2 protein chains.
Amino acid sequence: MAPPSALEVFPETDTSTFTVPDRLTIQGIAKRRAASGKLIAGAAAPADIASFKGLNHHIHKSKAKRWEPRMTEEAKSRGGSSLKNAAKFLKTPGLISLGGGLPSADYFPVEEMGFVVPRMPLQGTNKVSTGDSEVDGRPANSTTQITAGKHDMAAGTSAFDIATAFQYGQGHGSAQLLRWLVEHTELIHDPPYADWSCTMTVGNTSAFEMLMRMFAQRGEWILTEEYTFPAMVESAAPMGIKVAAVKMDEGGLLAESLDEVLSNWDETVRGGPKPFVLYTVPTGQNPTGSTQTLERRRAIYAIAQKHDILILEDEPYYFLQMQPYIAGEVTDSQPQSHQDFLTSLVPSYLSLDTEGRVVRLDSFSKVIAPGVRVGWITAPEHICERYHVHSDLSTQSPSGVSQLMLFKLLEETWGHEGYLDWLLHIRREYTARRNVLLLACEEFLPKEVVTWTPPMAGMFMWLKVDWKAHPRFHDGVTLLEVEDELFHRNMAAGTLLMKGSWFVGEKGKGSGAEEMFFRATYAAASFEGIREAVKRFGVAVRELFGLKQEDFGKER
Amino acid sequence: MAPPSALEVFPETDTSTFTVPDRLTIQGIAKRRAASGKLIAGAAAPADIASFKGLNHHIHKSKAKRWEPRMTEEAKSRGGSSLKNAAKFLKTPGLISLGGGLPSADYFPVEEMGFVVPRMPLQGTNKVSTGDSEVDGRPANSTTQITAGKHDMAAGTSAFDIATAFQYGQGHGSAQLLRWLVEHTELIHDPPYADWSCTMTVGNTSAFEMLMRMFAQRGEWILTEEYTFPAMVESAAPMGIKVAAVKMDEGGLLAESLDEVLSNWDETVRGGPKPFVLYTVPTGQNPTGSTQTLERRRAIYAIAQKHDILILEDEPYYFLQMQPYIAGEVTDSQPQSHQDFLTSLVPSYLSLDTEGRVVRLDSFSKVIAPGVRVGWITAPEHICERYHVHSDLSTQSPSGVSQLMLFKLLEETWGHEGYLDWLLHIRREYTARRNVLLLACEEFLPKEVVTWTPPMAGMFMWLKVDWKAHPRFHDGVTLLEVEDELFHRNMAAGTLLMKGSWFVGEKGKGSGAEEMFFRATYAAASFEGIREAVKRFGVAVRELFGLKQEDFGKER
């Protein structure tokens with residue numbers, strides 16, 4: 001059976017524009033908040049997520065598919081935390097509690113916490129960056145100081161404070177920060193089913209592990225890109241979960257290959273049932289840097305419907321989308337307004353998810369800082385509920401220190417608008433970094449051996465090396481031998497690039513056996529460093545493949 | 001076979017004093033640091049824990065038992081994070097890395113972070129506390145401001161900064177904070193075997209869950225106190241791990257009962273193999289408030305040796321040890337020096353652990369703040385290694401924001417001495433709180449029905465109610481019916497106490513079927529609140545049991 005066409009599947013949803021009448025806007029958030037009243041959430045208070053979504057705002061949409069039948073015994077049997085049930089009694093007026101063992105905030109040895117953060121919109125952003133923080137200072141008036149006190153809530157000066165954030169919390173995180181995350185998610189993705197929800201995580205790696213424990217058993221398989229994030233494979237393997245590769249092209253995962261793997265699944269050969277979880281990084285994929293187009297996503301979603309599978313959409317690089325690269329152009333055009341910016345983003349699987357078959361993993365690691373260890377998932381309510389009950393009995397909740405910092409920054413200082421300004425800034429910076437790498441590749445690499453596709457998003461570039469051009473290819477040298485030789489020559493020349501073979505998800509499968517790649521990142525080195533590293537790589541490649549060295553002269 | 005006597009097992013270790021010649025002291029820490037040189041640990045740097053322990057300092061001790069044979073398939077098969085292996089190449093001089101996808105610190109939108117914290121030793125600590133933070137202010141000069149900048153390490157002004165703490169980290173946490181934790185652990189416990197180590201956790205609930213995945217399979221049992229922390233049972237249950245109760249008295253877990261349960265284990269009746277993990281909270285146990293004496297701990301350790309079991313020592317309340325309560329005494333004596341304080345602490349299992357059969361779980365939740373979500377375990381190196389490899393592929397590491405805050409507070413502001421001052425402060429405060437509760441119980445409760453043992457540690461008191469004195473006892477009323485009736489009468493009177501039955505670990509087992517308890521905490525209510533709550537409880541009990549109400553007059 002052919003997959004249903006994308007247009008038949010999504011007749012009413014055009015998520016590439018923002019013309020759906022009641023879609024949430026930044027202005028709409030203020031109105032919704034005014035209607036729902038002041039947020040009051042004390043120590044370990046459960047969040048009223050329905051009110052954050054706007055009561056009745058999503059009621060016209062259909063409900064998510066129920067995934068309980070596919071959940072593991074572990075996930076299904078997990079009860080709530082019984083002591084937290086006693087918290088319901090705390091609302092009794094006049095009650096004195098000698099119940100919960102929450103320490104008094106008097107014994108938290110922090111009276112005040114403060115941060116110096118950039119003001120939005122940034123000043124002086126037209127200055128050309130050099131990628132070197134020793135050189136690029138920000139003007140002094142471009143920052144602002146924010147402060148949280150211990151008892152700001154009692155004093156009425158803030159909706160969140162040290163006494164509450166530093167106390168025990170709920171598995172879904174604090175209501176204060178969660179409200180912001182729910183609003184942000186709706187603003188960007190507007191999930192097209194009614195009962196979506198969000199719950200905080202301690203990051204996408206942890207979220208992936210917890211979701212595996214919810215949906216896969218020892219001996220089962222999940223599906224993913226043939227080149228994938230190794231920590232994912234390494235996290236799944238000890239649980240006895242194996243990874244089946246789906247082929248990719250420069251636009252990422254191939255819908256046809258997904259359909260083929262699922263349609264031809266042979267339990268006897270594989271030793272496990274047909275998978276029902278697809279793990280994918282649709283935007284700026286690690287390691288290939290590929291980004292799936294809207295058409296590709298629709299086709300893959302249709303295959304997911306056909307085989308009734310669940311999509312784990314891991315999107316740390318979603319906001320590192322860039323303008324198309326045009327060779328020789330030093331600066332490129334950027335969105336001129338928040339609306340332009342939002343419209344420019346490739347729609348997520350979540351925004352196409354009419355049936356509630358997507359679990360989206362969002363992270364602050366690439367856009368705020370990895371060390372905050374705060375992320376969130378968006379999924380059908382009953383999946384979020386199972387997730388936060390698990391959190392209650394494991395990670396408990398993300399760090400309250402991190403949560404309070406993010407709240408002061410995102411909610412009280414930047415707001416949703418300021419955050420979009422920040423994302424635009426990051427986008428400009430990564431675009432400039434990518435362009436430096438691409439220009440260096442064009443200048444220094446021998447194109448007869450090394451080829452690439454300019455990435456549209458993320459922080460990685462995937463360099464294909466024609467290993468069959470190696471002088472000893474006809475003498476039987478193997479791909480892995482050539483790869484290792486080039487890796488070490490490159491190291492000897494003073495450049496670290498990652499071997500493509502480290503990213504093969506299903507060992508021995510996929511085109512990994514025929515093609516050779518190296519992964520380069522433009523995330524962190526200075527512009528000069530990026531140029532120099534690529535130049536050294538060019539020298540190493542020419543040496544290895546017996547090509548004539550070019551004279552590029554002294555570095556400018 | 002009788003268990004070996006404690007004296008035979010520990011001939012050379014007297015851990016109740018600090019006279020062992022080479023035992024680490026606060027002064028010794030400074031010397032050790034001077035000898036090992038400046039700590040330099042950049043982004044995601046692996047920690048050299050051996051140097052934190054002092055090279056050769058523990059070499060005279062014997063090595064830990066190897067626990068690999070008892071580990072689960074999941075724990076044994078977990079490989080490291082392959083990409084982190086590439087980090088070893090980063091030491092190459094002159095290398096430019098386009099390898100790891102670590103974002104540049106330029107894109108962390110925090111330039112500076114600061115905290116206002118109490119100065120140690122505290123000023124004005126002789127003031128009588130009322131337990132009410134609205135009334136008890138601290139003098140303004142009693143606090144100090146601490147600040148962390150983004151590039152303090154590059155500037156040479158600190159060993160830790162925002163650029164590093166906010167970056168990705170290692171599963172064991174940052175070297176900077178871990179060094180302090182290792183030193184603190186040695187200072188307090190001086191583990192009597194050579195290859196002990198520490199690794200950070202995101203809290204004891206998460207540590208418990210991760211240790212269960214390391215040591216127990218579906219269908220297996222673990223041992224614990226008959227009344228226990230419900231979240232532990234609730235975390236283990238979905239993994240298919242069952243809890244076997246060991247009887248307790250007012251001094252906690254009974255060694256004889258532990259021996260009996262293990263000696264008489266019947267696989268057929270239980271449907272699972274003889275357990276080899278004991279989970280215990282030895283100090284200020286939740287919910288009973290009981291503390292095991294040194295003699296009790298030695299006896300239990302000997303039983304653990306006899307049956308070759310592993311002890312999980314969960315110690316969130318360890319530093320909430322207090323002076324013995326003497327009725328009618330309003331203030332009690334307190335340790336006058338750090339040495340007095342350390343000597344006064346009941347020795348931990350870790351400090352008795354000659355064989356490496358203890359995994360100690362430490363937490364900042366009760367002594368700094370629960371919201372930091374930073375704790376650590378101390379265990380044989382090979383257990384810590386399996387733990388941090390799991391962290392690398394799940395929680396990643398505790399929040400860097402929390403870690404930097406703790407580093408600035410514990411390492412740079414208080415030091416080891418200042419932290420002991422803080423712990424002494426907390427001890428005084430909890431002692432005062434406990435005494436208020438005990439005085440209120442003596443004043444307001446009918447002793448013919450309600451009895452208790454003054455807790456020596458922790459934040460909980462365990463009130464035994466003679467439910468057989470209930471007017472309908474001879475008409476067949478059950479314990480659970482009386483407990484529920486008293487719970488609700490108490491709520492109607494305006495006091496929340498926790499039902500003892502909520503804490504029964506192995507349902508239907510242990511004395512839980514015969515005795516009735518309520519748990520009260522003195523952790524958080526004001527002194528007046530504690531008195532009033534107990535007074536209300538007394539009224540509720542007298543009503544339920546048909547006793548004459550006393551006239552206590554107006555609250556003072």
Side-chain angles (χ1 to χ4, degrees), chain A residues 74 77-79 81-83 89 94-99 101-104 106 108-118 133 165-166 168 202-203 205-206 209 230-231 234-235 238 366 369-371 373 393-396 399-402 405 459 494-498 520-521 523-524 529 533, chain B residues 74 77-79 81-83 89 94-99 101-104 106 108-118 133 165-166 168 202-203 205-206 209 230-231 234-235 238 366 369-371 373 393-396 399-402 405 459 494-498 520-521 523-524 529 533:
Chain A
E74 175 178 329
S77 68
R78 190 172 275 117
S81 170
S82 62
L83 292 188
F89 295 113
L95 184 81
I96 303 172
S97 172
L98 304 184
L102 306 186
S104 164
D106 292 352
F108 301 164
V110 179
E111 302 302 316
E112 204 178 286
M113 180 162 101
F115 302 92
V116 175
V117 302
S133 59
F166 281 36
Y168 283 105
V202 300
T205 308
S206 169
E209 194 212 26
E234 289 155 359
S235 166
K366 303 304 192 289
R373 296 286 94 217
L393 296 167
S394 59
T395 56
Q396 294 255 14
S399 158
V401 189
S402 290
M405 184 184 90
M459 44 172 65
T495 295
L496 176 62
L497 294 181
M498 300 304 226
T521 180
Chain B
E74 175 178 328
S77 68
R78 189 172 276 116
S81 172
S82 61
L83 291 189
F89 296 114
L95 184 81
I96 303 172
S97 173
L98 304 184
L102 307 186
S104 165
D106 292 352
F108 302 165
V110 179
E111 302 301 318
E112 202 180 289
M113 181 162 98
F115 302 94
V116 176
V117 302
S133 60
F166 282 37
Y168 283 105
V202 301
T205 308
S206 169
E209 195 213 26
E234 289 156 0
S235 166
K366 303 304 193 290
R373 295 287 93 220
L393 297 167
S394 59
T395 56
Q396 295 253 15
S399 157
V401 190
S402 290
M405 184 183 91
M459 46 172 63
T495 295
L496 175 62
L497 295 181
M498 300 303 224
T521 180

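Owing to the predicted nature of the structure, the values given are computational and were not obtained by experimental measurement. Naming: A, B, ... by sequence-line order, numbering from 1 per chain.
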- Any chance you could lay out the side chain to side chain contact (heavy atoms under 4.5 Å, CB included) test for B:V202 and A:V202, step after step, and finish with the verdict? CA-CA 10 Å; B:V202 301; A:V202 300; 5.9 Å; no
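Considering only heavy-atom pairs separated by less than 4.5 Å from chain A, the leading option among B:S394, B:G203, B:S206 is B:S394. Each of B:G79, B:A165, B:G529 has some count of heavy-atom pairs under 4.5 Å with chain A, and the biggest count is that of B:G529. In terms of heavy-atom pairs under 4.5 Å with chain B, the best-connected choice from A:V116, A:L393, A:V401 is A:V116. Ranked by heavy-atom pairs shorter than 4.5 Å toward chain B, the options A:P109, A:G101, A:G494 are led by A:P109. Per-residue heavy-atom pair counts under 4.5 Å with chain B were compared for A:S77, A:P103, A:G94, and the maximum is reached by A:P103. Interface check for chain B: of the options A:M113, A:E234, A:E209, the most heavy-atom pairs under 4.5 Å are formed by A:E234. Of the listed residues A:A523, A:P230, A:G400, A:P238, the one with more heavy-atom pairs under 4.5 angstrom with chain B than any other is A:P238.
For B:E112, the parts lying near chain A are the backbone and the side chain together; criterion is any non-hydrogen pair under 4.5 Å. With a 4.5 angstrom heavy-atom cutoff, A:M459 touches chain B only via side-chain atoms. Both the backbone and the side chain of B:A533 have a heavy atom closer than 4.5 Å to some heavy atom of chain A. The contact between A:A231 and chain B is made by backbone and side chain atoms together, counting heavy-atom distances below 4.5 Å.
Rounding to the nearest 0.5 angstrom, the gap separating the CZ atom in A:R373 from the OG atom in B:S402 is 12.0 Å. Rounding to the nearest 0.5 Å places CD1 of B:I96 at 11.0 Å from CG of A:L496.
Between B:F166 and A:A369, the shortest heavy-atom distance links the atoms O-CB, 3.5 Å.
When side chains are defined from C-beta on, B:E111 does not count as touching A:V117, because their heavy atoms never get closer than 4.5 Å.
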